[in-house]
Amino acid sequence: MGLRFYNTLTRQEEDFLPLRPGEVRLYTCGPTVYDYAHIGNFRTYLWEDLLRRHLEHRGFRVIQVMNLTDVDDKTIANAREAGLALEEYTRRYIDAFFEDLDALGIERAEQYPRATAHIPEMVRLVLRLREKGHLYESRGSLYFKIDTFPAYGRLAHVDPGTRAGHARIDADEYEKDDPRDFAVWKMRKDGEPYWDTELGAGRPGWHLECSAMSMKYLGETFDIHTGGVDNIFPHHENEIAQSEAATGTTFVRYWMHAAHLIVDGEKMSKSRGNVHTVRDLRQRGFDSRALRYLLLSVHYRKPLNFTFEGLAQSQAALSRLDDLAFRLEREDRPAGGHPELRTAVEAARAGMLEALDADLNTAGALGHLFDLVREAHSALDASRAGREDLKAVRETLALFEAIFGIRLGQHGILEAEIEALIKRRVEARASRDFAQADRIRDDLAQRGIVLEDTPQGVRWKRKGS
RNA sequence: GGCGGCGUAGCCAAGCGGUAAGGCAGAGGUCUGCAAAACCUCGAUGCAUCGGUUCGAUUCCGAUCGCCGCCUCCA
């Protein structure tokens, strides 16, 4: 069975078949660069990275685009408050964003278009819409008229016949014919950045950038568009309206959305003081691999409750994988293979991939992986493993590393001083001077180096946070 | 008010019609100079509650309770 994804549009899991065989065109809604992205944002980006990696592993060429929203109400307001030009201000957070992506081991997308660099494309899209009669002007701004697009509401399942709930009427909305109509072009305001265009002086509406940039890089119809659930309405609904009204064809074939992350059971918010950023957690000494593991280990469509206990549990789980990887690096066995271990490897491998094929069931995949961890240790302990088996187990761990984007095992170099201490301890043990050996072990433990004496010799690892 | 999601052992979390994966923590044991790691054994007659459908439901349907979210340019 092939890939299956849950499509928000149909509210069903569907077989995934890309438009062009062997190629997936993917648009992932990116950050608004007015502040550091928090771990909730990264839950979504990490899941998208997993999606990308799994598609790649399944042999697809992935063309991913992630936008950077560098002009909107918040970026403008914050830049002004900081006394910086918009571009100068957003540059800082764009740089920080990429640092965080690297820290979390997120693969780079093919394109990271910035909104401010695509004003002409957006203007062209607006002109098309105006030509087709989907827009009206009010006080210099241009609005999309919902009534002209009958399919409006299909994604979010809002009834086009009724008003969308009790949306509060703010000052802006007095200018609209219908409160659900949305701005595609906002007239210039004093003190705000603007562009002189055929549409007049002003700036683009938020939804516009994603339509214009996704279609520019991926075509008028592309395969997958992702984001957080909060984007379903109105952002993605409006994108569909704008794009399809302009092109007359299907905009996106599969819509996928990640559920939110909460912290200690509560919504993350500045006022609650429970907003965590990647840099904060790293500064506090947490392994970013453990964070990645935690955020990936819960199915993306389920709410994830972030706690420090959960982070510690992820760190512990990861240690277990590290330990096996470490053991496999060190051990060798006679050539050959044993059917039981080979069967376990195959079961784990197939189980992992099947789970991931089924709408990216990461928790299910991890279950299969840990089954193998136990089988592999057992086989090694009982000498029921040959060189070929070890290779097969290593390959399965490598599969995990590639798709989950987490490197396993002990990597790093010890300082000469620590290396010397380990050597002295080995000698002390050889001469049965256990008091000295324990002293050295305790000393190293203080420095975060844990020693284990194994039949294959001493092994060390850095203590996890 | 409208729309949506979630509720499985102490904690995290799969499964979603055929009799409850996996991880963490904990207990006992094997191994070890002692540890650590690893391995073995132990945990829900039970999947929020109450009804219904079914030969059979954690899985489907209905109601109720609790939590989270969107409807405000929040991933």
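Chain letters run A, B, ... following the sequence lines, proteins first, then strands; residues in each count from 1.
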Interatomic distance, [X] [atom1] vs [N] [atom2] [rounded to whole Å]:
X	N	atom1	atom2	result
A:E354	B:G15	CD	P	13 Å
A:L451	B:U32	CG	C1'	15 Å
A:R384	B:C39	CZ	P	12 Å
A:L360	B:G15	CG	P	12 Å

Residue list, ring pair (Phe, Tyr, Trp, His ring centres under 6.0 Å) with [X], at least two apart or on another chain:
X	result
A:Y45	A:F42, A:F97
A:Y194	none
A:F149	none

Lys/Arg-Asp/Glu bridge criterion (N-O < 4.0 Å) met for A:D438, A:R429: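 A:R429 and A:D438: not salt-bridged.
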
Under the 3.5 Å rule, do the base of B:C34 and the side chain of A:D453 count as making a donor-acceptor pair?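 Such a pair is found, so the answer is yes.
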
Please produce a list of atom pairs where a protein N or O lies less than 3.5 Å from an N or O of nucleotides 27-29 of chain B.
none

Pull out every protein N or O sitting under 3.5 Å from an N or O of nucleotides 4-11 of chain B, one pair per line with the distance.
from	atom 1	to	atom 2	distance (Å)
B:G7	OP1	A:K302	NZ	2.9
B:C11	O2	A:Q313	OE1	3.4
B:C11	O2	A:Q313	NE2	3.0

Would you be so kind as to tabulate the donor-acceptor pairs closer than 3.5 Å made by side chains of residues 67-75 of chain A, with sequence neighbours excluded?
from	atom 1	to	atom 2	distance (Å)
A:N67	OD1	A:Y27	OH	3.3
A:N67	OD1	A:G30	N	2.7
A:N67	ND2	A:T69	OG1	3.1
A:N67	ND2	A:E209	OE1	3.1
A:T69	OG1	A:E209	OE1	3.1
A:T69	OG1	A:E209	OE2	3.1
A:D70	OD1	A:A115	N	3.3
A:D70	OD1	A:T116	N	3.0
A:D70	OD1	A:T116	OG1	3.4
A:D70	OD2	A:R114	NH1	3.3
A:D70	OD2	A:T116	OG1	2.6
A:D72	OD1	A:K74	N	3.3
A:D72	OD1	A:T75	N	2.8
A:D72	OD1	A:T75	OG1	2.7
A:D72	OD2	A:K74	N	3.4
A:D73	OD1	A:R203	NH2	2.7
A:T75	OG1	A:D72	N	2.8
A:T75	OG1	A:D72	O	3.0

